[in-house]
Amino acid sequence: MSDAISFLAPRADVLARRRQIVGDLVDLLPPECLVHEARELVPFETDAFVAYRRVPLAVALPRTTAEVAAVMKYCHRYGIPVVPRGAGTSLSGGAIPQEDAVVIGLSKMNRILEVDYQNRAAVVQAGVTNLNISESVSADGFFYAPDPSSQLACTIGGNIGMNSGGAHCLKYGVTTNNLLGVKMVLTDGTVIELGGKALDAGGYDLLGLVCGHEGQLGIVTEATVRLIAKPEGARPVLFGFDTSEEAGSCVADIIAAGIIPVAIEFMDKPAIEICEAFAHAGYPLDAGALLIVEVEGSEAEMDDTLKSIVEIARRHGVKTIRESQSATEAAQIWKGRKSAFGATGRVADYICMDGTVPLSQLSYVLKKTSEIVDSYGLRVANVFHAGDGNMHPLILFNANDPEDAARAEAAGNDILKLCVDAGGCLTGEHGVGIEKRDLMRHQFSDVDLSQQMAVRAAFDPGWLLNPSKVFPLDGRGAT
């Protein structure tokens, strides 16, 4: 499996100059901001896509935008590839380095610079964790909406790179809907600012282009994000169904009815059992599929919305309906969902996929996903953001068995192709990275890819930023 996805060959001239490069970086950064000893580089050799590993040439850990710019300017001058890194939680291999690359990690840039309630915005450094933003404004009645399952660890810079979402993105949107501005260092060390606290910025929507760029257009060092007032109340409800198809059809009909809950999360039976064993959240173990539907507002608003949702669920044969009765119970329900990936890791090795499908195709894709995984002799646990069709099948396998691992990767590729063929796309929030890079031609024509690569090359003509990621390795000369 570790040889299945190829990387660009390391630049021989860069490898030959390693000692000189490290010496120059020593002059640019304080000692505590540079890692270059072999054993100290090992923690940076991979991210959460652990099947692939490459030890970088060196790791820079700058504290300021100026230090990022100095390293970028140096690497650009001498043709040294750069791989940006946040917390290393990427599930698509987006932060995996290569032997001739300098990793620029932003973990030391972890300060909240400004909280501006008048404009409902916060300015933060890129290394601030997602959850820390909400925690810093919670006492004043605000929060930051995007909430990936890894929000305790993942950073806002990485969220911007992958346009991350989370359970509550159905109502509040993903990162791009909650990002107002960035400070970014271009490949030659130039520092630019896009957007700001105003609701809209003049000119082309370059901020929209940057959100989701996977570290290929520059390195975001600061972000201005939207703060949202907490709702009057919130109430998660568990809906248990006999089959995944019934649950999927219920989701489609809820959205078709014009009802937009805060969240609709899906678990199939294997996921229910795994998460309940870990979190003891009270999930119905006799259900073949579970929906966690959260509504918010006043008590009257929540009652009215839930009444409509329950009516739809009954038309789809719902067997269990259980409302949380306290803040503690609500927290337990979400603990089970938020812990799904970690809880699954206690049971087996797994690959977490990330395809998106139209809601009308949800039941069909769920059924076909099970058939695909069964055909490879493997198991799957489905847990995902059902409200926006962002699927996360967890394909269980034995990482110590190369053949088992290869089957898991092949099954994942087939599932992603299925999502595209059903009218969806390769990724909802994990990004393309290396995992889906060679599937890009299944989604896009050569003309489409050429146009996208031309935009990328306009920012980075030498393809020094995260060079092995996103786009197929062949055909780049056309840009």
Side-chain angles (χ1 to χ4, degrees), residues 2-3 5-47 52-86 88 93-109 161 184-191 214-221 433-434 437 453 456-471 473-474 476-477 479:
S2 60
D3 295 326
I5 298 176
S6 59
F7 287 73
L8 291 169
R11 303 182 184 209
D13 62 317
V14 173
L15 295 179
R17 291 185 286 115
R18 183 183 185 280
R19 181 174 296 182
Q20 179 64 50
I21 292 169
V22 169
D24 292 341
L25 292 174
V26 166
D27 294 336
L28 288 176
L29 296 167
E32 67 273 16
C33 295
L34 182 65
V35 178
H36 58 87
E37 297 293 341
R39 64 184 181 85
E40 295 176 341
L41 291 171
V42 173
F44 299 92
E45 69 180 358
T46 190
D47 53 22
Y52 295 85
R53 301 170 188 272
R54 295 287 188 280
V55 177
L57 186 149
V59 176
L61 300 170
R63 300 161 302 179
T64 65
T65 298
E67 288 179 350
V68 174
V71 176
M72 290 280 275
K73 183 177 181 180
Y74 172 81
C75 290
H76 179 261
R77 180 186 303 158
Y78 294 105
I80 303 165
V82 170
V83 175
R85 184 184 179 96
I96 295 176
Q98 40 193 77
E99 296 86 345
D100 60 346
V102 172
V103 169
I104 297 184
L106 301 178
S107 58
K108 291 183 181 291
M109 299 183 67
M184 186 169 81
V185 181
L186 301 180
T187 186
D188 64 355
T190 302
V191 179
E214 300 199 29
Q216 295 205 316
L217 305 185
I219 295 184
V220 172
T221 58
I434 62 168
R437 183 195 69 204
M453 288 189 284
R456 185 220 187 281
F459 282 80
D460 178 23
W463 286 71
L464 293 176
L465 287 174
N466 233 3
S468 286
K469 316 296 171 55
V470 182
F471 298 107
L473 299 185
D474 59 333
R476 294 184 177 191
T479 63

Apply side chain to side chain contact (heavy atoms under 4.5 Å, CB included) to the pair Arg437 and Leu473, showing each step before the final yes or no. CA-CA 8 Å; Arg437 183 195 69 204; Leu473 299 185; 3.8 Å; yes
Intermediate values then yes/no, side chain to side chain contact (heavy atoms under 4.5 Å, CB included), Met109 and Thr221: CA-CA 8 Å; Met109 299 183 67; Thr221 58; 3.8 Å; yes
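Ring pair Phe7/Tyr52 is tilted by interplanar angle, where 30° to 60° counts as tilted.
For the atom pair Asp13 CG and Arg18 CZ, the distance stands at 15.0 Å (nearest 0.5 Å). Expressed to the nearest 0.5 Å, how far NE2 of His76 lies from CG of Leu465 amounts to 9.0 Å. For the atom pair CG (Asp27) and OH (Tyr74), the distance works out to 9.0 Å, reported to the nearest 0.5 Å. How far OG1 of Thr65 is from CE of Met72: 11.5 Å, rounded to the nearest 0.5 Å.
The two residues Lys108 and Cys33 come nearest to each other via the heavy atoms CD-SG, 4.0 Å. When all heavy atoms are compared, the tightest approach of Leu217 to Met184 is O-CE, 4.0 Å. When all heavy atoms of Leu61 and Ser107 are compared, the pair lying nearest together is CD2-OG, 4.0 Å. Closest approach of Leu8 and Pro467 over heavy atoms only: CD1-O, 3.6 Å. Across every non-hydrogen atom of Ala58 and His36, the tightest pair is CB-CB, 4.4 Å. When all heavy atoms of Asn466 and Gly94 are compared, the closest pair comes out as ND2-O, 3.0 Å.
Applying the salt bridge (charged side-chain N to carboxylate O under 4.0 Å, His left out) test to residues at least two apart or on different chains, the pairs with a partner in residues 60-85 are Glu32-Arg63, Arg63-Glu67.
Using a 4.5 Å heavy-atom cutoff, the side chains of Val83 and Lys469 are in contact. A 4.5 Å side-chain heavy-atom check between Tyr78 and Gln20 finds every atom pair outside the cut-off. With contacts defined as side-chain heavy-atom distances shorter than 4.5 Å, the pair Ile80/Val14 qualifies. Looking only at side-chain heavy atoms (C-beta outward), Phe459 and Thr187 stay at 4.5 Å or farther from each other. Between Val470 and Arg456 there is no side-chain heavy-atom pair separated by less than 4.5 Å.
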Atom pairs and distances, side-chain donor-acceptor, residues 96-106, under 3.5 Å, sequence neighbours left out:
unit_1, atom_1, unit_2, atom_2, d
Gln98, OE1, Ser468, OG, 2.8
Gln98, NE2, Asp100, OD1, 3.1
Asp100, OD2, Arg11, N, 2.8

